[in-house]
There are 2 protein chains.
Amino acid sequence: MTTATPPKRVTSRRARTRRRLLDSALDVFAEEGFGRSTVEQICERAGYTRGAFYSNFTSLDELFLAMWEERSTRLLADVRAALDEVSAAAPEDAVRAALRAIPVDDAWYRVTAEFTAHALRNPALRRVMAARERAIQDAVLPAVVEALGRTGRRVTDEDALGQALVAVHDGTAVQVLLDPGSEAVLARREALFLHVLQAYSTATS
Amino acid sequence: MTTATPPKRVTSRRARTRRRLLDSALDVFAEEGFGRSTVEQICERAGYTRGAFYSNFTSLDELFLAMWEERSTRLLADVRAALDEVSAAAPEDAVRAALRAIPVDDAWYRVTAEFTAHALRNPALRRVMAARERAIQDAVLPAVVEALGRTGRRVTDEDALGQALVAVHDGTAVQVLLDPGSEAVLARREALFLHVLQAYSTATS
DNA sequence: TCTCTCGGATACATGAACGTATCCGATGCG
DNA sequence: CGCATCGGATACGTTCATGTATCCGAGAGA
C-alpha cells in the first residue's frame, strides 16, 4: 500500500491560482462595478500577472459567470443549512432567525444587481439566472414549509409562496441597503415576510 | 405689442442637443450597460461629436445622473396620472388597472439596477436614490389609499404599506423580466399585490 | 540526479477612449 | 448687412487595457 497513487495533492497549483483570482474578482467587481473592472485589477489584487489570468480564463465575462455561480452556490448551501436549524416555535421568532441567516450583503448585492442587468441582455445568462432562482426556491421552500407546519400552518400554493418570498427578499434587500442602519426598514421587512407567510398558508384545523 | 420679447425660441439650440444626448444615453446604457458605455457611443447615436458632449456635461457620471433623474421624474408623473384615473370598484380590477399603468420596462429596469448598484458605492448618489424612492411613495400612496377607501378599506400604516408596495414592485419586476411571457409569473405578481393591500388595511365596518 | 512539462511571468504591438485646445460656422443683434 | 458670440466640430497627445507570443523556473517522474 506504500505505492498507492499519491493523493497528497489536495489543491493543485492551478486550482489555487484559479481560486485566488475568483476571490479577488468578487472584491473588485463590488468596488468598481463589473463594467469598470479590468483584468489587471483582479490580477493585481490576487497577486498575479495577466498571464496567469489568460491561462485560466478566456475572458472577463467567463470569469464573471464562474465567480457568480460559485459564490451563489455556496451562499445557497449556507442559507439552507442555517434554515434547517431554525426551529423556533413562534412564527415571529422563526422569521427573525431565518432572516438573520440570510445575509443582506452590500458587496454581494451590487454584484448580483449587475449580473442580473447583464443577464437580461444575454439569453444564455438569463437562463443561468432563472435556473439559479429556481434552485434557490427548491432548496429553501421545503425548510419554510416544514417550519410553517411546525407552527400549525399548511402552505396552500408552494410555487406562489416561493415566488413571493424571493420577490420580497430582493425588494426589501435594496431598501435595507439604501437606508443603512434604519431599524424601521428592518422591522417592516420582517413584518412583510410575516404577512406573506400568513397570506399563503392556512391554519390546519 | 409687435416688439415684445420674441419668445419664438421654444427650444434653444443647446437644449435640443442636450435632450438628444440624454435620450441616446438611455438607449446606450440599456444596451451596453453603464460601465461599458462610452462617451463616443452616446454621441454617435445622438448624431454629435464628443465636442458637443463635453460642452454640455463634464463627465459620463454627470450625464448618467441627469438622465436617470429626468426619466424617473417623467415616469413618476405618468404613473401618478394613470393611477388617478383608476376607479374600478372591485379591488382585483383596480390592481390590474394600476399594474397596467406601471410599465415593467426591460431597458429601464437594467438602467435602474445599475444605477442602484452604482449608488450603493457613492453616498451622494445614494441620497439621491433614497430621495427619489421617497418621492415615489409620496406621489403614489395617496392615490392608493384613496382607491382602497373607495372599496371600503382603511390603510393602517401608510409608510409600511408604501415600503411594502415598492419592495413587491421591484422584486416582482425582476421575475417578470427574467421569465418573459410567463402568464403565471404575472398572475402571481398581481396576487401578491392584492395580498399586501389586504394585509396593510382593514375593512371599515 | 536529470529531464520534461506545465503554469505563470515578461515583453510587445495594437487599439480604444479620454480630455483639451483650437477652430469654424450658424444664429441673434445692432 | 456686418459683427460678435456661442455651440459644436476637429485635431491632438496621452493614458490605459487588451491579447498574444515567448520565455523561464519549479516540480513530478524515471
Side-chain angles (χ1 to χ4, degrees), chain A residues 1-67 114 118 122, chain B residues 1-67 114 118 122:
Chain A
M1 279 290 193
T2 45
T3 56
T5 56
K8 194 59 161 301
R9 184 139 301 308
V10 176
T11 49
S12 73
R13 192 177 172 204
R14 188 169 206 97
R16 271 200 3 187
T17 69
R18 197 185 145 88
R19 159 151 303 281
R20 290 191 181 169
L21 285 172
L22 285 172
D23 287 349
S24 307
L26 175 67
D27 299 342
V28 174
F29 289 150
E31 278 174 23
E32 305 285 330
F34 171 56
R36 295 257 189 256
S37 302
T38 75
V39 173
E40 213 160 72
Q41 284 172 312
I42 293 172
C43 294
E44 191 181 4
R45 177 177 290 247
Y48 293 96
T49 63
R50 294 207 336 280
F53 176 92
Y54 286 105
S55 144
N56 278 280
F57 304 94
T58 67
S59 68
L60 240 196
D61 269 65
E62 186 188 309
L63 169 78
F64 189 41
L65 175 58
M67 185 276 261
E114 273 165 343
H118 198 50
N122 183 326
Chain B
M1 281 288 191
T2 45
T3 55
T5 56
K8 194 60 163 300
R9 181 140 306 303
V10 176
T11 50
S12 74
R13 193 180 172 202
R14 188 167 206 99
R16 271 200 1 187
T17 68
R18 198 185 144 88
R19 158 151 303 282
R20 289 192 183 169
L21 285 172
L22 285 171
D23 287 349
S24 308
L26 176 67
D27 298 343
V28 174
F29 289 149
E31 279 174 23
E32 304 285 330
F34 171 57
R36 295 260 188 254
S37 302
T38 75
V39 173
E40 215 160 71
Q41 284 173 312
I42 293 172
C43 294
E44 192 182 3
R45 178 177 287 247
Y48 294 95
T49 63
R50 294 209 332 282
F53 176 92
Y54 285 106
S55 145
N56 278 279
F57 304 93
T58 67
S59 68
L60 238 197
D61 269 65
E62 186 188 307
L63 170 80
F64 189 40
L65 175 58
M67 185 276 264
E114 272 165 344
H118 197 50
N122 182 326

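Keep in mind that what you see is a predicted model, and the values were worked out from it rather than measured.
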Task: Set of residues satisfying side-chain contact (heavy atoms from CB on, under 4.5 Å) with respect to B/S55, sequence neighbours excluded - done: B/R14
Open item on the list: One pair to check against side chain to side chain contact (heavy atoms under 4.5 Å, CB included): B/D61 and B/H118. What are the steps and the verdict?
Closed with: CA-CA 10 Å; B/D61 269 65; B/H118 197 50; 3.1 Å; yes
TODO: Indicate yes or no for a side-chain donor-acceptor contact from B/N56 to the backbone of B/A52 under 3.5 Å, with no hydrogens or angles considered.
DONE: yes
- [ ] Calculate, to the nearest 0.5 Å, the distance between atoms CG and CZ belonging to A/L22 and A/F64 respectively.
- [x] 12.0 Å
Task: For B/R45, side-chain contact (heavy atoms from CB on, under 4.5 Å) partners two or more places apart - done: B/S24, B/D27, B/V28, B/E31
Open item on the list: Within this structure, what is the CZ-OG distance for the pair B/F53 and B/S59, rounded to the nearest 0.5 Å?
Closed with: 6.5 Å
Open item on the list: Please give me every residue in residues 58-65 of chain B whose heavy atoms get under 4.0 Å of an atom in DNA chain C, ordered by residue number.
Closed with: none
Shorter than 3.5 Å, N or O on both sides, protein versus nucleotides 13-16 of chain C: list them out with atom names.
none

Write out a two-atom table: protein N or O, nucleotide N or O from nucleotides 2-5 of chain C, distance below 3.5 Å.
none

Task: Residue from B/T17, B/D23, B/L21 passing side-chain contact (heavy atoms from CB on, under 4.5 Å) with B/R19 - done: B/D23
Task: Over all atoms of both residues, closest heavy-atom pair of B/A66 and B/R18 - done: CB-NH2, 4.2 Å
Task: Contact check, side chains of B/F57 and B/V39, non-hydrogen atoms, under 4.5 Å - done: no
Task: B/E32 CD - C/dA17 C1' separation (whole Å) - done: 14 Å
- [ ] For B/F34 and B/L60, work out which heavy atoms get closest and say how close.
- [x] CE1-O, 4.5 Å
- [ ] Write down the distance between CD (B/E40) and C1' (D/dC12), rounded to a whole number of angstrom.
- [x] 14 Å
- [ ] Examine the side chains of A/Q41 and A/S37 and answer whether a donor and an acceptor come within less than 3.5 Å of each other.
- [x] no
TODO: Report the distance from atom CD of A/Q41 to atom C1' of D/dT18, rounded to the nearest whole Å.
DONE: 14 Å
TODO: For A/Y54 and C/dT10, give me the distance from atom OH to atom P, rounded to whole Å.
DONE: 17 Å
TODO: Taking the side chain as every heavy atom from C-beta outward, state whether A/E114 and A/F29 have any atom pair closer than 4.5 Å.
DONE: no
Open item on the list: Quick one: does any side-chain atom of B/R36 pair with a main-chain N or O of A/G35 as donor and acceptor, under 3.5 Å?
Closed with: yes
Protein and nucleotides 6-9 of chain C: nitrogen or oxygen contacts under 3.5 angstrom:
from  : atom 1 : to    : atom 2 : distance (Å)
C/dG7 : OP1    : A/R14 : NH1    : 3.4
C/dG7 : OP2    : A/R14 : NH1    : 2.9
C/dG7 : O5'    : A/R14 : NH1    : 2.9
C/dG7 : O4'    : A/R13 : NH1    : 3.4
C/dG8 : OP1    : A/R13 : O      : 3.4
C/dG8 : OP1    : A/T17 : OG1    : 2.9
C/dG8 : OP2    : A/N56 : ND2    : 3.3
C/dA9 : OP2    : A/T49 : N      : 2.9
C/dA9 : OP2    : A/T49 : OG1    : 2.6
C/dA9 : O5'    : A/T49 : OG1    : 3.4

